[in-house]
Amino acid sequence: MKTFAIRGGDLVLAGSRYAMVEGIARAQQQISLALSEEYGADRFHPEWGSTLPTMIGSVIDSATSAEIRAEVTRVVRRFILSQNELIKQRASAGRRSVVKPEEMIAEITSVRAETNQDQVLVKVVIRTASNQEFSILTSPGSTA
């Protein structure tokens with residue numbers, strides 16, 4: 001499935017058109033956006049986003065690390081559920097799946113968090129259904 005490419009909170013131009021992302025790049029972008037946006041901030045999608053932006057300024061100790069891992073897991077599971085729902089809807093309508101194996105999330109391999117002054121940096125490594133791994137490095141609350 002293709003979607004618009006976003007960089008720094010803005011749509012990316014490719015010549016006179018908007019750039020698109022698909023496959024692993026799409027999954028990376030979608031999960032990164034969900035982790036960076038505050039949970040409940042989108043009135044049209046109230047379950048979108050994460051609580052990670054509220055942790056800015058927190059000391060990363062074992063309890064905070066566990067909370068970050070739990071929140072990343074919740075966001076990625078929500079992404080997996082939305083992928084599965086899209087596949088099911090299209091199948092029941094007799095249409096082919098638009099979700100490719102390289103963008104189907106199979107598991108979270110690791111989650112690492114650290115602070116850098118007033119930022120929480122989160123690195124997530126994910127494995128897809130096509131057995132490819134990719135990582136997401138995000139700073140919740142930041143659009144950069």
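All values derive from a computational prediction rather than experimental measurement.
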Distance from [X] atom [atom1] to [Y] atom [atom2], nearest 0.5 Å?
| X | Y | atom1 | atom2 | result |
| --- | --- | --- | --- | --- |
| Ile68 | Leu35 | CD1 | CG | 10.5 Å |
| Ile80 | Ile105 | CD1 | CD1 | 6.5 Å |
| Gln30 | Ile136 | CD | CD1 | 10.0 Å |

*For Ser32, check side chain to side chain donor-acceptor pair (under 3.5 Å) against everything at least two apart and list the hits.*
none
_side chain to side chain donor-acceptor pair (under 3.5 Å) involving Thr64 - partner list, sequence neighbours excluded_ = Asp61
*Donor-acceptor contact present, side-chain Thr54 to main-chain Thr51, <3.5 Å*: yes
Contacts of [X] that satisfy salt bridge (Lys or Arg N to Asp or Glu O under 4.0 Å) - sequence neighbours left out:
| X | value |
| --- | --- |
| Glu47 | Arg78 |
| Arg74 | Glu71 |
| Lys88 | Glu85 |

*What are the two closest non-hydrogen atoms of Arg96 and Arg90, and how far apart are they?*
O-NE, 2.7 Å
_For Ser36 against Pro53, the heavy-atom pair lying closest together_ = O-CG, 3.5 Å
*Would you say Arg77 has more than 12 foreign heavy atoms packed within less than 6.0 Å of its CZ?*
no
Do [X] and [Y] come close enough that some side-chain heavy atom pair is under 4.5 Å?
| X | Y | value |
| --- | --- | --- |
| Asn84 | Met104 | yes |
| Ile6 | Leu11 | yes |
| Val125 | Phe134 | no |

*Could you name each residue pair satisfying ring pair (Phe, Tyr, Trp, His ring centres under 6.0 Å) that touches residues 12-43, not counting sequence neighbours?*
Phe4-Tyr18
Cluster check [X], [Y]: I/L/V/M/F/W/Y, side chain < 4.5 angstrom:
| X | Y | result |
| --- | --- | --- |
| Val21 | Val99 | no |
| Ile31 | Val12 | no |
| Ile24 | Phe79 | yes |

So, using side chain to side chain contact (heavy atoms under 4.5 Å, CB included) as the criterion, who are the partners of [X] when residues are at least two apart?
| X | value |
| --- | --- |
| Arg43 | none |
| Leu137 | Lys123 |
| Ile108 | Val72, Thr73, Val76, Val111, Val124 |

*Pairs meeting criterion side chain to side chain donor-acceptor pair (under 3.5 Å) with involvement of residues 98-112, two or more places apart*: Glu22-Lys100, Glu107-Arg127, Thr109-Glu133
